Amino acid sequence: MADPKENVLMEKLVSLCKRRGFIFQSSEIYGGINGFWDYGPLGAELKRNVKELWWNRMTRMRDDVVGLEATIIMHPQIWRASGHVDTFSDPMCDCLLTRKRFRADQVDVQSGIAYHFTGARDSVSGKVSQDPFAVLLPAGKPPESARKTAVAFYQLRGLQNVELSGETTEKVENSQRFNPENGALLTEPRPFNLMFKTYVGPVADEENVAFLRPETAQAIFAQFKNVHETSRQKLPFGIAQVGKAFRNEVTPRNYTFRSREFEQMELEFFIKPDEAVEALCGQVATPSTPGHPGTPQPDWGWQMWHQYWVEERIRFYESIGLPRTTLEEYWQKPDELAHYARATVDLLFKFPFGTQELEGIAARSDFDLSQHQRFSGKSMTVFDEELKAAWPKLDPTRQSDLSERYRLARLKYLSKTGEPAEKAEKQAAEDAANLGKGYYVPHVIEPSAGVDRLILALLAHAFHEEESTDEKGRKETRTLLSFHPSVAPVKVGVFPLLKNKPELVAKAREVRESLRSHFNVFYDEAGSIGRRYARQDEAGTPFGVTIDFDTLGERPEWKDTVTIRQRDSGAQERVAIAELRTWLETRLR
RNA sequence: GCGAGCGUAGCUCAGCCUGGUAGAGCGUCACCUUGCCAAGGUGAAUGUCGAGGGUUCGAAUCCCUUCGCUCGCUCCA
């Protein structure tokens with residue numbers, strides 16, 4: 001767990017974010033609302049930059065990924081197909097004695113004698129508790145043991161000398177209402193819905209229930225066919241989306257890290273099943289060495305693609321200023337994997353409050369599209385002309401081998417979904433036959449990142465304090481945010497050396513105007529020059545441009561040049577105004 | 001959801017125990033000053049003391065409720 005020093009760091013960061021306008025609590029004037037955060041002027045710029053860099057890198061800089069922007073509220077069936085309705089709304093109950101929480105349907109079934117109590121009173125103080133309580137004992141156990149548990153319960157309610165009242169017994173069979181560990185009564189099962197619920201249309205009844213999406217991914221699957229057909233993409237290709245998602249988290253914690261409204265950047269990268277790759281290329285390439293596997297090749301199987309995306313994503317983080325050393329790769333153990341996942345790598349960042357997930361890169365097989373195929377009744381298969389052409393040229397034993405492997409994989413999926421065995425067998429056989437005709441459900445690799453936690457990681461990583469002592473022996477702390485220039489909210493500060501010299505001010509404003517259509521520029525003339533540098537250090541502005549007397553020609557050879565100061569080192573150099581834009585452009589990438 | 005602690009100016013905090021209508025430092029703003037790293041001077045703004053209720057002649061202070069934050073438990077597809 002985080003040690004005190006790291007909590008102090010977190011407090012400093014939170015305070016800086018508020019003071020400088022990066023992050024505010026939502027609805028603060030009304031006392032705030034738990035789990036919701038707003039981005040102030042600098043935070044909004046930072047977040048835009050991050051999303052834009054992701055979008056450019058994932059879509060515009062590639063031939064094989066296209067974008068999507070889907071709605072937040074979708075057909076409720078989507079969340080049944082995805083499994084969210086089941087896994088996000090488990091009724092839970094708590095042990096009245098230990099507070100331990102159980103999923104109501106997973107409590108071990110028990111039988112025995114239940115001892116009910118209507119309440120208790122303190123024989124010394126006279127204080128009374130009217131809370132009913134009950135303990136279940138296996139048949140044959142002495143009643144004293146039930147009373148002991150009940151006494152402990154009422155002691156928790158503030159009674160010291162417990163005198164139990166209204167004891168009755170009842171025979172109980174196959175009950176899930178009692179804690180198997182101590183026999184204590186559990187609270188009533190309460191729905192624990194992690195999805196935000198709303199109603200579509202003016203009538204708020206159960207038929208009109210809809211959910212705010214708990215992830216952006218499902219929209220991509222739901223629109224897979226449309227995008228595939230209109231984008232003229234062929235497998236392998238991906239669909240990227242950036243957008244809001246909502247989860248009614250039990251405990252929003254750690255500043256913006258776990259929020260109830262948050263933004264995701266997700267890619268669903270669709271690939272051919274390994275059986276199809278083998279049919280086409282004669283073999284499936286699998287990773288032999290760690291690290292980036294290079295330019296994608298036609299013979300890559302899902303493992304190569306998975307490794308490729310893990311490495312691509314790490315490169316992205318490096319490019320925006322999170323070095324590999326700040327990240328941790330965590331390969332989920334087989335028993336941690338979701339049942340449909342073949343492999344999942346979490347990219348973790350060392351936050352001040354602990355090492356936590358920034359992004360997950362999951363190999364999700366063909367589970368998602370298959371689910372939507374089953375629930376919607378619409379085919380999610382693609383037709384692969386090359387596969388159709390290649391298949392007849394295969395050796396018959398190879399054909400039956402591939403076909404059988406594909407059939408078994410489909411059967412495994414269909415059986416797990418609870419399809420009747422006979423129906424599953426029939427469907428799997430049909431799917432296998434279709435493979436030879438060039439039809440299959442694409443598999444998917446999913447790099448899924450949280451924008452807000454990435455912002456927090458960038459802030460935490462950029463935060464630095466430098467202690468120094470001035471000539472008068474006073475200790476000073478310089479706070480700076482060492483953002484990578486590509487994400488920095490403000491790219492360049494422009495300052496006249498002195499405010500009371502109109503020529504300097506006029507020239508500085510002129511320089512600001514010449515730059516502002518190219519970069520986010522901040523102009524400041526208030527206070528000493530050092531103070532203005534310090535203000536920009538806290539905002540994370542990488543460069544400061546100062547207009548001085550030499551700019552005006554005091555030293556003729558320096559006419560129309562400015563001083564550029566670098567944020568992290570404080571180093572200065574002289575650059576001609578005419579070259580400023582190019583100078584900055586090459587350093588802001 | 002449970003337990004503990006906390007909530008006073010933009011930020012960090014004092015005052016609360018022992019009720020008598022609010023303070024410091026930093027920051028912000030204006031003017032002056034200032035020839036490159038938070039210099040200085042003068043002046044200014046800012047809080048229904050998280051919110052609501054109660055006790056009291058009187059509440060930042062005592063009591064209750066509620067919201068928010070932190071930590072622990074729980075949860076985390």
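Convention: sequence-line order gives letters A, B, ...; per-chain numbering from 1. Any value given below was found using the heavy atoms of this structure, including those in side chains, with hydrogens, waters and symmetry copies removed. What you are looking at is a predicted structure, and each value in this text was computed from that prediction instead of being measured.
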**Request:** With salt bridge (charged side-chain N to carboxylate O under 4.0 Å, His left out) as the test, would you mind laying out the steps for A/Lys244 and A/Glu263 before giving the verdict?
**Result:** CA-CA 4 Å; A/Lys244 288 278 178 104; A/Glu263 203 153 10; 5.3 Å; no
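Nucleic acid contact for A/Tyr255: sugar-phosphate only, since backbone atoms but no base atoms lie under 4.0 Å from a heavy atom of the residue.
Here A/Phe178 pairs with nothing under the ring-ring contact (aromatic ring centres under 6.0 Å, His included) rule; sequence neighbours left out.
A salt bridge (charged side-chain N to carboxylate O under 4.0 Å, His left out) with A/Glu525 is found for one member of A/Lys507, A/Lys499, A/Arg509 and no other, namely A/Arg509. Tested against A/Asp524 for a side-chain hydrogen bond (donor to acceptor under 3.5 Å, both in side chains), the candidates A/Arg532, A/Arg535, A/Gln536 yield a single pass: A/Arg535.
Pairing partner, B/G7: B/C67, with both Watson-Crick or wobble hydrogen-bond distances short of 3.5 Å.
Contact annotation: A/Ser528 side-chain N/O to B/U34 OP1/OP2 distance is not under 4.0 Å. Here A/Asn254 reaches the OP1 or OP2 of B/C71: one of its side-chain N or O atoms lies under 4.0 Å away. Using a 4.0 Å cut-off, no side-chain N or O of A/Lys12 falls inside it from OP1 or OP2 of B/U12. Contact check, A/Asn34 against B/C69: a side-chain N or O comes under 4.0 Å of OP1 or OP2. For the pair A/Arg531 and B/A39, the criterion of a side-chain N or O lying under 4.0 Å from OP1 or OP2 is met.
Residue side chain A/Gln25 does not reach the base of B/G68 through any donor-acceptor N/O pair under 3.5 Å, judged by distance alone.
The side chain of A/Arg565 sits closest to B/C37 out of B/C36, B/A38, B/C37. The listed nucleotides are B/G35, B/U34, B/C75; the one nearest the side chain of A/Phe549 is B/G35. Comparing B/C29, B/C31, B/C36 against the side chain of A/Arg535 picks out B/C29 as the nearest. Listed candidates were B/C11, B/C69, B/C31. Nearest to the side chain of A/Lys18 is B/C11. Of the candidates B/C76, B/C36, B/U34, B/C76 carries the atom nearest the A/Arg258 side chain, counting heavy atoms from C-beta on.
Separating the C1' atom of B/U12 from that of B/U8 is a span of 12 Å, rounded to the nearest Å. Going from the C1' atom of B/C49 to that of B/G7 covers 10 Å, rounded to whole Å.
In this structure, CD of A/Glu525 is placed 11 Å from P of B/C29, rounded to the nearest angstrom.
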List every contact pair, protein side and nucleotides 42-50 of chain B side both N or O, where the distance is under 3.5 Å.
none

